[in-house]
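Quantities reported herein were computed from a predicted structural model and do not represent experimental measurements.
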Amino acid sequence: MSENKFRYSKNHPVPDIGIESISLAHGSGGKLTNRLLDHGIFDLFKNEKLQKRDDGAVLNFDGDVAFSTDSFVVSPIFFPGGDIGELAVNGTVNDVAMTGGIPKYLSLSFIIEEGLPLKDFWEILHSIKHSSEKAGVQIVTGDTKVVEKGKGDQIFINTTGIGPMHPNAKLGVPEIHTGDVILISGNVASHGMAILSKREGLGFESDILSDTTNLNHLTSALLDICGIGIKLFRDPTRGGIATVLNEIALQLKKGITILEKYPILPQVKSACEIFGLDPLYVANEGLMLIVLHENQVEAALKILHAHEAGKYAAVLGYISDEHPGKVVSKSELGGNRVVAMPIAEQLPRIC
């Protein structure tokens with residue numbers, strides 16, 4: 001096709017469908033809706049189930065399935081290291097993976113504000129395509145709505161994920177016992193600080209990138225090798241590591257001790273200090289906590305370090321009978337501090 005048939009966005013050629021931005025008519029269900037879907041959704045995410053163009057999809061599973069849904073309202077919609085489309089895929093894929101599931105299919109629904117530039121929508125669609133291919137999931141159904149100018153914030157996305165359970169998965173807080181170890185799969189607080197630096201227009205924003213990525217290949221690899229030695233997966237998104245660990249400690253009625261020295265990029269640590277934020281409370285989008293039996297730590301770290309998403313993995317702490325229901329951070333000098341449950345969200349519209 002000749003070059004003049006495209007308008008170019010940041011990275012991907014935009015199909016020439018006679019518009020520069022999304023209008024209310026694109027949510028009406030008529031010709032303009034179908035033109036947008038034909039040139040965008042159905043062409044880009046082409047697969048046998050989606051091409052049926054039904055209002056749902058028929059899926060075949062044997063046994064238990066993992067299922068999760070989430071809505072994404074991040075501001076800004078493009079941020080260092082990712083965008084709302086990539087976040088929507090990775091967030092739901094990871095939620096399914098945290099249950100011990102193997103995500104296979106996603107639904108994809110948009111609420112678009114009138115006036116969103118077509119080039120921005122096209123970039124988001126390509127991010128969704130790239131992220132879903134990387135995670136090994138298919139988009140099989142969805143929906144598109146358009147709201148009036150001023151009634152939304154550019155674009156909101158809902159994704160729902162589903163897939164079979166991993167045969168070795170026996171996860172849950174009741175499986176955790178005193179002496180079990182907590183691993184962290186990578187660097188802390190990168191996503192939250194990438195969003196904040198972009199919002200504030202700070203000069204170091206290009207040095208801080210969101211950690212958004214899919215974790216399902218890692219969880220499957222860990223369950224393949226470590227089996228029931230894996231007690232729990234959790235992704236510390238809103239509220240960060242502190243919130244997740246406090247939830248576990250309260251539910252378990254045991255104490256959690258963590259090490260003050262945990263993986264964090266120097267520029268992220270510096271940004272947290274500038275804003276007066278504790279990295280343990282900052283959101284992450286490509287990070288997980290793994291609770292496992294102490295005899296599986298070496299094998300798990302070997303698996304993690306072999307994957308891009310786990311190369312900075314480290315031991316974060318352990319489950320204790322001391323200080324039940326509380327999370328305590330131990331410094332290298334031997335001092336302790338209580339890591340309390342946050343009272344409110346530090347940074348809204350983070351995912």
Task: CG (Asp64) with more than 12 external heavy atoms under 6.0 Å - done: no
Open item on the list: How long is the straight-line distance from CD1 of Ile241 back to CG of Leu287, given to the nearest 0.5 Å?
Closed with: 5.5 Å
Task: 4.5 Å side-chain heavy-atom contact, Asn214 and Asn94 - done: yes
Task: Within 6.0 angstrom of Ile258 CD1, more than 12 heavy atoms from elsewhere - done: yes
Task: Check: Val73 main-chain N/O paired with Arg349 side-chain donor or acceptor under 3.5 Å - done: yes
TODO: Inspect the surroundings of CZ in Phe78 and state if more than 12 heavy atoms from other residues, nucleotides or ligands are less than 6.0 Å away.
DONE: yes
TODO: With the side chain counted from C-beta on, respond yes when Leu265 and Ser190 share a heavy-atom pair under 4.5 Å apart, and no when they do not.
DONE: yes
Task: Ser329-Glu260 side chain donor-acceptor pair, cut-off 3.5 Å - done: yes
TODO: Say whether Leu304 and Val181 are linked into one hydrophobic cluster, either directly or through other cluster members, by side-chain heavy-atom distances under 4.5 angstrom.
DONE: yes
- [ ] Grab the two heavy atoms, one from Thr69 and one from Asn158, that are nearest each other, plus how far apart they are.
- [x] OG1-ND2, 3.4 Å
Task: Under 3.5 Å side-chain donor-acceptor pair for Lys134 and Thr213 - done: yes
Open item on the list: Is there a side-chain contact between Glu20 and Pro117 in this structure, where contact means two heavy atoms from C-beta onward sitting under 4.5 Å apart?
Closed with: no
Task: Same apolar cluster: Leu301 and Leu289, side chain cutoff 4.5 Å - done: no
Open item on the list: Assess, by modelled atom type and distance only, whether the side chains of Asn336 and His323 contain a donor and an acceptor separated by less than 3.5 Å.
Closed with: no
Task: Within one Ile-Leu-Val-Met-Phe-Trp-Tyr cluster: Leu259 and Leu245, side-chain cutoff 4.5 Å - done: no
Task: For Lys254, side-chain hydrogen bond (donor to acceptor under 3.5 Å, both in side chains) partners two or more places apart - done: Thr178, Asp321
- [ ] Pick out which of Val74, Ile124, Leu87 makes a side chain to side chain contact (heavy atoms under 4.5 Å, CB included) with Ile157.
- [x] Ile124
Task: Nearest heavy-atom neighbours spanning Asn90 and Ser131 - done: OD1-CB, 4.1 Å
Task: Ile256 and its side chain to side chain contact (heavy atoms under 4.5 Å, CB included) partner, picked from Ile182, Leu316, Val339 - done: Ile182
Task: Heavy-atom closest pair, residues Val96 and Ala66 - done: CG1-CB, 3.7 Å
Task: Under 3.5 Å donor-acceptor, Asn216 side chain and Ile102 backbone - done: no
Task: Lys/Arg-Asp/Glu bridge criterion (N-O < 4.0 Å) met for Glu123, Lys119 - done: no
Open item on the list: Please check: side-chain N/O of Asp83 versus main-chain N/O of Gly85, any donor-acceptor pairing under 3.5 Å?
Closed with: yes
Task: Where Leu106 and Gly161 come nearest, the two heavy atoms and their spacing - done: CD2-CA, 3.5 Å
Task: Any donor-acceptor pair under 3.5 Å from Ser132 side chain to Lys129 backbone - done: yes
TODO: Using a 4.5 Å cut-off on heavy atoms from C-beta on, say whether the side chain of Glu175 contacts that of Leu232.
DONE: no
Open item on the list: Whether the side chain of Arg199 engages the backbone of Ser75 through a donor-acceptor N/O pair (distance < 3.5 Å, no angle test) should be reported.
Closed with: yes
- [ ] Would you check if the side chain of Lys231 reaches a backbone N or O of Ile176 as a donor-acceptor pair within less than 3.5 Å?
- [x] no
Task: Over 12 non-hydrogen atoms of neighbours within 6.0 angstrom of CD1 in Ile228 - done: no
- [ ] Report the C-alpha distance between His26 and Leu118 in whole Å, list the side-chain angles of each, state the deciding distance to 0.1 Å, and finish with yes or no for side chain to side chain contact (heavy atoms under 4.5 Å, CB included).
- [x] CA-CA 11 Å; His26 288 103; Leu118 182 63; over 6 Å; no
Task: Residue pair Asp143 / Phe110, side-chain heavy-atom distance below 4.5 Å - done: no
- [ ] Not counting sequence neighbours, which residues clear side chain to side chain contact (heavy atoms under 4.5 Å, CB included) with Lys302? List them please.
- [x] none
Task: His305 side chain vs Ala313 backbone, donor-acceptor pair below 3.5 Å - done: yes
Task: Heavy-atom check, side chain of Phe156 versus side chain of Glu113, under 4.5 Å - done: no
Open item on the list: Are Leu183 and Ile248 connected into the same hydrophobic cluster when the rule is that any two of I, L, V, M, F, W, Y join if their side-chain heavy atoms are below 4.5 Å apart?
Closed with: no
- [ ] Flag the pair Thr243 / Met341 as yes when at least one side-chain heavy-atom distance between them is below 4.5 Å, and no otherwise.
- [x] yes
- [ ] Keeping the roles fixed (side chain from Ser107, backbone from Thr160), state whether a donor-acceptor pair exists under 3.5 Å.
- [x] yes
Task: Glu273 CD: over 12 foreign heavy atoms closer than 6.0 Å - done: yes
Task: CD1-SG distance between Ile208 and Cys272, expressed to the nearest 0.5 angstrom - done: 7.5 Å
Task: Asn187: side-chain hydrogen bond (donor to acceptor under 3.5 Å, both in side chains) partners, not counting sequence neighbours - done: none
Task: Beyond-backbone contact of Phe233 with Val291, side-chain heavy atoms, under 4.5 angstrom - done: no
